[in-house]
Amino acid sequence: MIRVEDSFIILETKDLSYIIDILPSGKLEHVYLGPKTKSKLSDLKIKLDTMVGSQVLYSDLEPISLDLLPLEYSSIGKGDYRSMPLEVKMPNGSFVADFCYLKHEIKDGSLDYKLPHAKNATNTIIVTLVDKVNNVYLDLIYSSFYETNVFTRKVVLTNKNENSLSIRKIMSMMLDIYDKDYDIITFDGGWIKETNKHKRPVSYGLFSISSQTGASSNRHNAGFILSKKNTTEDYGTAIGFNLVYSGNHYSSIELANHGSIRVMSGINPHCFEWDLAENENFMTPEVVISYSNQGLNKLSHNMHNFINNHIIPENFKESLRPIVINNWESHMFDYNMRKLLKLAKRSAKLGIEMFVLDDGWFGNRDNDDRGLGDYFVNKKKLPKGLSKLSKRINKYNMDFGLWFEPEMINVDSNLYRSNSNYVVQVPGLEPSKGRNQLVLDLCNKEVVSYIKNELFKVIDSANIKYIKWDMNRSISDMYSESISNQGMFFHKYILGLYDILESITKKYPNILLETCSSGGNRFDLGMLTFGPQIWASDNTDPISRLKIQRGLSYLYPLSTISAHVSQSPHSQTLRHTPLETRFNVASFGVLGYELDFKELKPYELKMIKEQIRFYKEHRRLFQFGTFYRFDLDDIETYQVSNSNTHILGRFQVLSSPSPNIEKVSFKGIKEDKMYDVLSRRSKLNIDRFGHLIKHAIKIPFKHDGFVMRNVARYYVLENAKEKYTLDSNALLNGFYINQQFMGTYYNEKTRLLGDYGSELYIAKEIRNGKN
Ligand code: DGJ
């Protein structure tokens with residue numbers, strides 16, 4: 001809800017208030033962001049009654065220093081010396097800009113906006129500021145999302161001057177707060193180690209999080225959190241920010257004079273320059289802001305509900321996502337129809353719902369140095385084409401999905417041979433390659449429409465229900481002949497990408513689009529407005545995934561995190577992990593498999609069948625339930641909940657000798673209810689025990705001999721099954737679980753977790769004696 005009372009603009013959600021004061025000078029003071037308040041608004045304002053040294057005063061009429069005021073947006077040259085959200089060479093040739101309040105307008109819902117943005121806002125206010133000397137206008141646009149406790153912000157700069165202006169930096173939002181003892185939490189990494197959480201104190205100077213690879217990147221996710229010292233998962237204050245954008249981003253946090261913290265976020269000014277002629281405007285991407293005074297979990301809940309309800313495409317809102325088999329890790333480029341159908345048949349038997357054909361089905365794509373750009377079927381691999389393949393897959397009662405990497409091209413391709421001018425490159429300079437490929441020039445409208453048409457042809461040629469949209473290199477050699485100012489390159493590229501994605505999703509609104517960029521190299525809210533889920537990482541090792549998925553979970557819901565069970569030892573970490581732990585981790589997300597089932601032992605196939613049955617039973621909970629993290633401990637713990645079922649996942653990274661007696665507790669349990677609590681624990685293959693097996697099962701055979709090797713193909717050790725009847729208080733306060741293996745004896749009650757072991761506890765409310 002948004003209203004204006006006297007000089008105050010008040011934005012509200014269910015639990016939050018955001019308050020702005022329009023000062024007599026026309027500057028906008030940021031007054032408040034926090035839990036909903038009914039205070040006298042003027043009493044919430046900053047108290048500035050005394051002159052401060054080394055300050056420049058704004059004007060004789062209003063002798064205030066902009067340097068001390070918490071502002072909503074600032075500009076250069078009128079006494080605010082903190083870092084600036086806007087750097088524009090104005091029509092009069094000066095960098096000085098003096099934007100002051102002109103008018104405001106409140107509208108229902110979200111604005112029609114050319115860039116990806118959150119839909120169905122409760123309402124929106126456009127506050128128009130003007131720089132009168134230059135006749136340039138700046139709209140500050142705020143929306144409130146009442147139910148999800150989120151505000152969004154963006155700006156539009158319009159030039160009404162007959163002379164043009166040039167933008168060098170334009171942030172989507174700025175927020176000034178005076179508060180002590182904040183930490184900055186960011187989510188950083190690289191290929192196969194995305195979104196690891198890092199925390200450090202806000203301290204004097206300027207701290208920035210950015211990407212300049214042309215994508216939002218796996219180096220630093222665009223989302224970040226400011227949290228008060230000692231904030232935990234369930235207690236304390238945290239403010240979360242994220243950007244609805246897939247290109248170069250930039251956010252900064254500056255602790256300045258007198259303790260002011262200035263936060264900004266938007267398009268990265270790196271290599272950015274955008275000219276506006278008379279009557280042209282520039283729209284920035286949208287920033288998402290939420291606040292919690294109940295710890296990081298509550299902040300995540302706000303962000304999760306917001307993304308599930310306002311960011312992902314309408315058609316996929318709350319829609320259960322299929323369990324896929326993706327053939328990449330099993331086949332790479334080496335397959336034919338027979339191999340694919342065998343994998344499909346085995347997958348169908350296990351209960352898998354979608355068969356995804358990954359890289360290698362087109363052109364001469366037998367390796368990663370050729371074929372990109374040529375989206376016609378490779379007849380050696382698929383002589384009867386995609387249509388036949390999709391029909392055969394459908395006969396197994398599975399849907400068919402297909403991989404593309406539309407933004408890229410190999411030199412060894414027909415497209416390159418006929419249209420090398422489609423490539424991003426500086427005239428006269430050999431372009432640098434990444435994964436043997438070059439980038440297509442998405443700034444160029446001709447290239448954009450070529451890609452659209454090629455994709456439409458393929459999509460229309462078969463019964464395709466899912467598309468995996470990949471992008472496997474960063475941009476270099478940025479230059480496009482289609483634009484006069486190369487400072488526009490990076491943003492224009494993203495606009496070209498959004499144009500293609502919008503055409504695809506408009507023409508095929510029911511195709512499930514999973515985006516990917518070498519894993520999570522473009523995990524952002526911009527991509528999520530087109531495709532509701534993203535391949536989180538090429539690293540499917542569950543122990544690495546614990547960090548990656550935990551990191552993502554702070555700002556993205558489980559329904560967006562695509563997570564697959566793959567082989568062990570893992571191809572990137574060489575770690576051996578139990579199949580059940582691989583499943584338990586992947587199930588806190590959108591589950592899929594990347595396994596060649598023909599290589600699995602019979603007991604493993606049995607386990608997978610049961611995993612799929614279990615996931616289907618609880619799919620809504622795993623994808624759309626309320627997700628809780630527990631503060632980090634020896635055992636990493638997650639929980640998903642709905643009104644009557646709660647599943648706790650416990651992951652033991654390393655086992656301890658003679659471990660402590662353990663209690664477990666649940667979060668967010670309704671009072672005065674009774675629950676059945678059941679354990680679902682990894683079954684253990686006897687291989688795992690080597691020669692020790694003779695102590696557990698009294699069979700007088702050598703553990704690596706013929707008999708035991710064959711027994712191990714079929715036989716697994718049951719792990720302690722637990723069942724308790726407990727009330728809400730016991731679940732919240734914690735209850736004892738069976739002992740882990742203490743290095744002594746083993747019996748049917750012993751919880752055998754070992755290194756990389758894991759377990760799930762399922763608490764179901766008992767209603768009328770049933771659950
Ligand atoms: C990178 C992706 O992340 C993988 O899942 C796979 O699709 C390969 N590209 C194919 O080249």
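When a residue number appears, it is its place in the shown sequence, counting from 1. When a ligand or atom number is given, it counts from 1 through the structure's own listing order. All values reported here derive from a predicted model rather than from experimental measurement.
- By the 4.0 Å N-to-carboxylate-O rule, Arg680 lies close enough to Glu580 to be salt-bridged with it.
- We find that Asp412 and Arg417 are joined by a salt bridge, their nearest charged nitrogen and carboxylate oxygen being less than 4.0 Å apart.
- Within the model, atoms CG of Leu600 and CD1 of Ile608 stand 5.0 Å from one another, a figure rounded to the nearest 0.5 Å.
- Relative ring orientation between Phe597 and Tyr593 is described as tilted, the plane-to-plane angle lying within the 30° to 60° band.
- Among residue pairs with one or both ends in residues 466-475, those qualifying as salt bridge (Lys or Arg N to Asp or Glu O under 4.0 Å) are Asp358-Lys468; sequence neighbours excluded.
- Within 4.0 Å of ligand 1, the residues that place a heavy atom are Trp328, Asp358, Asp359, Trp403, Arg435, Lys468, Asp470, Asn472, Cys516, Ser518, Gly519, Trp535, Asp538, listed by chain and number.
- Partner of Phe241 under the ring-ring contact (aromatic ring centres under 6.0 Å, His included) criterion, chosen from Phe187, Tyr554, Phe224: Phe224.
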